[in-house]
Amino acid sequence: MQYWLMKSEPDEFSFDDLERRPDQKEPWDGVRNYQARNMMRDSMQVGDQVFFYHSNCEVPGIVGIAQVASAPRPDHTAFDPDDKHFDPKSDPDNPRWFLVDVGFVRHLTRKIPLAEIKQHAESLEGLPLIRRGNRLSVMPIEPDHWDYILDLEAGATE
DNA sequence: GCCAACGTTGGC
DNA sequence: GCCAACGTTGGC
């Protein structure tokens, strides 16, 4: 079992949007970063747990738990000239971009803001989310950090 | 809206 | 292969 964090702009696709999907799943298309792609393509396994993070909004933070809900497969949006994420260099016979399905698990009882997570930088040392200049939209979370952040949800550490 | 940090592109 | 220019991310 591995743990991840995935970012989404709530104006584009929010955690509530995921919950409202008929099967509560969404293909995580549009990722055009090699590091993020490699994690989805090479490391993710069905059932891995995911922190769902809202970025580029008033209070950025972790809002819910999701899970990896499919094996990796080519990102079809890269082949579609009309798609915003079209990439002419991605060849259907040798796809450049991959995705997994992300499935809804549960809301957190409260949003855990980035600002609060940063207050625990000592305990969360190495967490990519709080590393300087980090912009990865998909990142691994160490099991200890996963547990620590879930404890924050319950307010156990304030 | 600003801007720091980062990844990518492309000329050489 | 270097590196300047550019585009994007994302917190603030």
Side-chain angles (χ1 to χ4, degrees), chain A residues 2-21 26-44 48-68 72-102 104-105 107-142 145-146 148-153 155 157-158:
Chain A
Q2 300 169 96
Y3 300 100
W4 308 93
L5 180 145
M6 298 171 85
K7 295 179 183 174
S8 186
E9 302 188 20
D11 288 347
E12 300 287 326
F13 187 80
S14 72
F15 195 56
D16 288 338
D17 292 331
L18 180 63
E19 183 180 19
R20 282 195 291 264
R21 282 285 188 266
E26 181 73 3
W28 210 250
D29 58 31
V31 171
R32 297 293 180 266
N33 170 283
Y34 288 104
Q35 267 182 278
R37 176 206 68 181
N38 291 348
M39 288 186 269
M40 290 199 293
R41 188 190 61 185
D42 305 333
S43 302
M44 283 192 180
D48 283 357
Q49 299 294 107
V50 178
F51 280 140
F52 198 104
Y53 178 92
H54 279 173
S55 67
N56 242 317
C57 55
E58 198 172 344
V59 181
I62 298 168
V63 295
I65 295 177
Q67 64 184 350
V68 176
R73 62 179 187 277
D75 182 345
H76 54 93
T77 64
F79 310 136
D80 178 1
D82 295 326
D83 194 280
K84 181 179 161 189
H85 300 291
F86 174 59
D87 180 358
K89 293 179 200 152
S90 188
D91 176 357
D93 293 328
N94 185 19
R96 175 178 292 200
W97 304 113
F98 288 78
L99 58 75
V100 296
D101 285 349
V102 171
F104 176 86
V105 175
H107 288 271
L108 295 189
T109 55
R110 65 183 185 94
K111 177 193 274 184
I112 303 176
L114 176 62
E116 181 177 341
I117 293 169
K118 283 181 170 173
Q119 289 170 7
H120 298 270
E122 261 180 58
S123 305
L124 296 172
E125 192 175 0
L127 182 71
L129 187 66
I130 55 176
R131 270 210 293 263
R132 194 178 62 104
N134 163 73
R135 298 185 322 176
L136 267 184
S137 64
V138 177
M139 66 184 72
I141 304 284
E142 295 171 26
H145 291 169
W146 177 274
Y148 189 90
I149 291 168
L150 278 185
D151 283 345
L152 291 182
E153 178 192 19
T157 322
E158 276 303 327

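For the numbers below, each heavy atom of this structure counts, side chains included, while hydrogens, waters and symmetry mates do not. Protein chains get the first letters and strands the later ones, always in sequence-line order, with residue 1 at the start of each.
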Atom pair distance, as rounded to whole Å: [atom1] in [X] and [atom2] in [N]:
| X | N | atom1 | atom2 | value |
| --- | --- | --- | --- | --- |
| Asp11(A) | dG11(C) | CG | P | 13 Å |
| Arg96(A) | dG7(B) | CZ | P | 16 Å |
| Tyr34(A) | dT9(C) | OH | P | 15 Å |
| Met6(A) | dG10(C) | CE | P | 13 Å |
| Glu58(A) | dG11(C) | CD | P | 13 Å |
| Asn33(A) | dT8(C) | CG | C1' | 11 Å |
| Asn134(A) | dC6(B) | CG | P | 9 Å |

Would you say [X] places a side-chain N or O within less than 4.0 Å of OP1 or OP2 belonging to [N]?
| X | N | answer |
| --- | --- | --- |
| Lys7(A) | dG10(C) | yes |
| Arg135(A) | dT8(C) | no |
| Lys89(A) | dT9(B) | yes |
| Lys84(A) | dT8(C) | no |

**Study point:** Selected nucleotide, minimal atom distance to Pro60(A) side chain, candidates dT9(B), dG10(C), dG11(C)
**Key:**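 When the side chain of Pro60(A) is considered, dG11(C) is the closest of dT9(B), dG10(C), dG11(C).
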Exercise for review: For Glu19(A), look at atom CD and say whether over 12 heavy atoms of other residues, nucleotides or ligands are found less than 6.0 Å away.
Suggested key: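 Counting neighbours around CD of Glu19(A), more than 12 heavy atoms of other residues, nucleotides or ligands fall under 6.0 Å, so yes.
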**Study point:** Along DNA chain B (nearest heavy atom to each residue), the more 5'-positioned of Gly133(A) and Asn56(A)
**Key:**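 Comparing both residues, the 5'-ward one is Asn56(A).
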Check your understanding: Relative to the 5' end of DNA chain B, which residue comes earlier, Arg32(A) or Arg132(A), by the nucleotide with the nearest heavy atom?
Key ->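 Counting from the 5' end, the first nearest nucleotide belongs to Arg132(A).
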Check your understanding: How about Met40(A) and Val68(A): do any of their side-chain heavy atoms sit closer than 4.5 Å?
Key ->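 With C-beta onward as the side chain, the pair stays apart.
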**Study point:** CA sep, side-chain torsions, deciding dist, call: Thr77(A), Asp80(A), side-chain hydrogen bond (donor to acceptor under 3.5 Å, both in side chains)
**Key:** CA-CA 5 Å; Thr77(A) 64; Asp80(A) 178 1; over 6 Å; no
